[in-house]
Amino acid sequence: MRSHAAPTAVLEPGPPEGNTAVLRLSGRLDAYSVGPIWTNALAFLSARPGHPVVIDAAGVQYCDGAGIALLLDLLRQPRGAGAEVELRGLADQYHRLFDQFDPTRFTQKPAARLGQVSLTERVGRIGASVLHDAFDRIVFVGESAVALAGTIAHPMRLRWPDALLIAQRVGADAVPIVALIGFLMGVILAFQSAVAMRQFGAEIYVANLVALSLLRELGPLMTAIILAGRSGSAFAAEIGTMKVNEEVDALVTMGLDPVRFLVVPRLLAGFLLCPLLTILADMIGLIGGALVMKSFSVPMVTYFQQVQAAASVGDLLGGVAKAFVFGLLVAGIGCLQGLRTGEGPSAVGQSTTRAVVGGIILIIAVDGVCAVLFHVLDI
Amino acid sequence: MSSTSDARPASQSAVPDTQRPDDSYPSVAEPIIGVEHLTIGYGQKVLMRDLNFEVRRGEVFVILGGSGSGKSTLLKHMIGLYRPMHGHIRLHGKDIVAAEGEARLAILRRIGVTYQSGALFGSMTLAENVRLPLEEYTDLPDRAMELIALMKLDLVGLKDFAPSLPSEVSGGMQKRAAMARAMALDPDIMFLDEPSAGLDPVTSADLDLLILRLAQTLGMTFVVVSHELPSVFTIADRAIMLDRSTRTIAACGPPKELRDHSDNPVVRQFFNRQPSVSADDMTRPAGIGA
């Protein structure tokens, strides 16, 4: 094998031939070498707008696609009559490559991207898209309700091994993170309030604050948000990938309802396990509060007696009831976004993001509605 | 087959090392790829053992074999994606198995690869996909990169689809666009993993002609994984045939010679499209195709 220093591209003006300017190209014209001379070559033409120009490529010793592109760029420049650009001297083997391209076909800028539309059209498209989304959601809710009812009526139609596996991922696998977050919430709530309440000798009421906050609001809310981040996103990604890989189409062509096959097990898992995880978060949070209060010299027995006095079973059940709704919402929106996944790998990422963001927004919105409802109903 | 190596001068002013991946150019007779005692597999499972072959500059070299014989796996070893269990793969005389860091990058910059699925970046237009290597490895002005991207897409018949996203074009178009991207830096060696699979006969024939034209005009070397026999007979200078049962190369040579003169039953069966079960076992049900 030979080894030698690689030549670079050289650009220099040649001696004029009468009225004709000459631009000499020599050396090696490839993607690594033509960059530095490209602008100068164009400037040479621009400086001689009224003269014919000959590009003398006799000295070119190697020319690949990038070199051909340079020659093409020079030849496609708009010039006046009598000021044409002519190529000469290019070796046959490179001329064959050059001849594959017609300079006149490369004079136009590429067409605008599909989707680059006027403001009016964009507003219209967004409006239509919102309506389409709303319609999709209504259809999805209807289909899911029918499929759920069918499953309740005929439980054996559910693929139980799949459903249990999904339930394990949603529930059992989430226990450590839910327990940790619940414990930290209890600790932080208790500590922050105890420091302030201590000034008034009211440390014992920290138990009231922790119990009511956790059981009614924070327990279900935080659990649902964790569920949206863990399971809602996973549902969207799993079903979205299946959509991209045409697995959902395969289900349809086999006569299997994707909603019954894919959505129902996930809805059931979210619906049934979010409340269980919420109860776990509540209990661990209360224990976290108890540990903090112990450091403030409040015995655990006193703390739990105060919790019992402050919080009713209704508070616990109210929170759990919300958790049922949250679980259903998180699972539903994850599945919906998965089924609405477009084409291409980025579509799965977009669906996952929409599932998490949409899930969290929906959880908070529904929590607000529940707060008002509970107040009105005096729960 | 013509070559461009004669046009390369003995010496001239050097381009900085940071720009040029390598400064050595093998002659026509020299092998551009050398595979020596290569054993490949997954984990402890050996797929192919003790493979030895060479690919010469400017030739179209096809890797043949039945489904699951390890053609694509061998290709992925040759481009350095997988580490072999044993042996060496030399591209331009450099061992890609042992190369690390900049040395490895220099080897990779001189090869172009297209994958079975096309592997275009979904968030970029076809033109942006082709521009990507130019943006990363050269200091070309913007208009040059734009023009080169259009030219490469024109070569594969997709100039008018330059502003389209991969999801907006067909699978065959995606494969052709992937080929345009692989050619962006005019590599010396192109590795194509089943380029004709899934394409209609006309597009497939166009692709074959493109491969031949690039090999002849630019002296590009092609390593093609394929089992599309019409395409193989059109493009291949030489081929190797992988045999899954013996886990080694069953035959090596020009495809027409292999078809007409090989005494290896596996090769004969492959080229003559003989089924692995006897015709008696596959009787057509009555009433169908009558």
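In what follows, chains carry the letters A, B, and so on, assigned in the order in which the sequence lines appear, proteins first and then strands, with residues in each chain numbered from 1. Please read these numbers as outputs of a predicted model, since none were measured by experiment.
- Atoms CZ and CG, from B/R213 and A/L97 in turn, are 8.5 Å apart once rounded to the nearest 0.5 Å.
- Ranked by heavy-atom pairs under 4.5 Å with chain A, the list B/L214, B/L134, B/I148, B/D160 is led by B/I148.
- Looking at heavy atoms from C-beta onward, A/R96 lies out of side-chain contact with B/Q216 at the 4.5 angstrom threshold.
- Of all heavy-atom pairs spanning B/M151 and A/F101, the tightest one is O-CE2, 3.4 Å.
- Cation-pi check for B/K159 over A/F106 is met; the charged atom lies under 6.0 angstrom from the ring centroid and within 45 degrees of its normal.
- Checked against side chain to side chain donor-acceptor pair (under 3.5 Å), A/E121 has the following partners two or more places apart in sequence or in another chain: A/R125.
- Of all non-hydrogen atoms in A/Y32 and B/R109, the two that sit nearest each other are OH-O, 3.8 Å.
- When atom types are taken as modelled, the side chain of B/D186 and the backbone of A/G65 share a donor-acceptor pair closer than 3.5 angstrom.
- In this structure, the side chains of B/L150 and A/R105 stay at 4.5 Å or more apart for every pair of heavy atoms.
- Between chain B and the residues A/G35, A/A91, A/A66, the most heavy-atom pairs under 4.5 angstrom are made by A/G35.
- In this structure, chain B has a heavy atom under 4.5 Å from the side chain of A/L42, while its backbone stays farther away.
- The number of heavy-atom neighbours closer than 6.0 Å to CG of A/D92, taken from other residues, nucleotides and ligands shown, is 12 or below.
- Between B/L140 and A/A31, the closest heavy-atom pair is CG-O, 3.8 Å.
- Listed here is the closest heavy atom pair of A/D73 and B/L147: CB-CD2, 3.5 Å.
- Summarising the local packing, CD of A/E247 is surrounded by more than 12 heavy atoms from other residues, nucleotides or ligands at distances under 6.0 Å.
- Atom CZ of A/F44 sits in a crowded spot, with more than 12 heavy atoms from other residues, nucleotides or ligands closer than 6.0 Å.
- For the residue pair B/D154 and A/Q100, the shortest heavy atom distance occurs at OD2-O, 4.5 Å.
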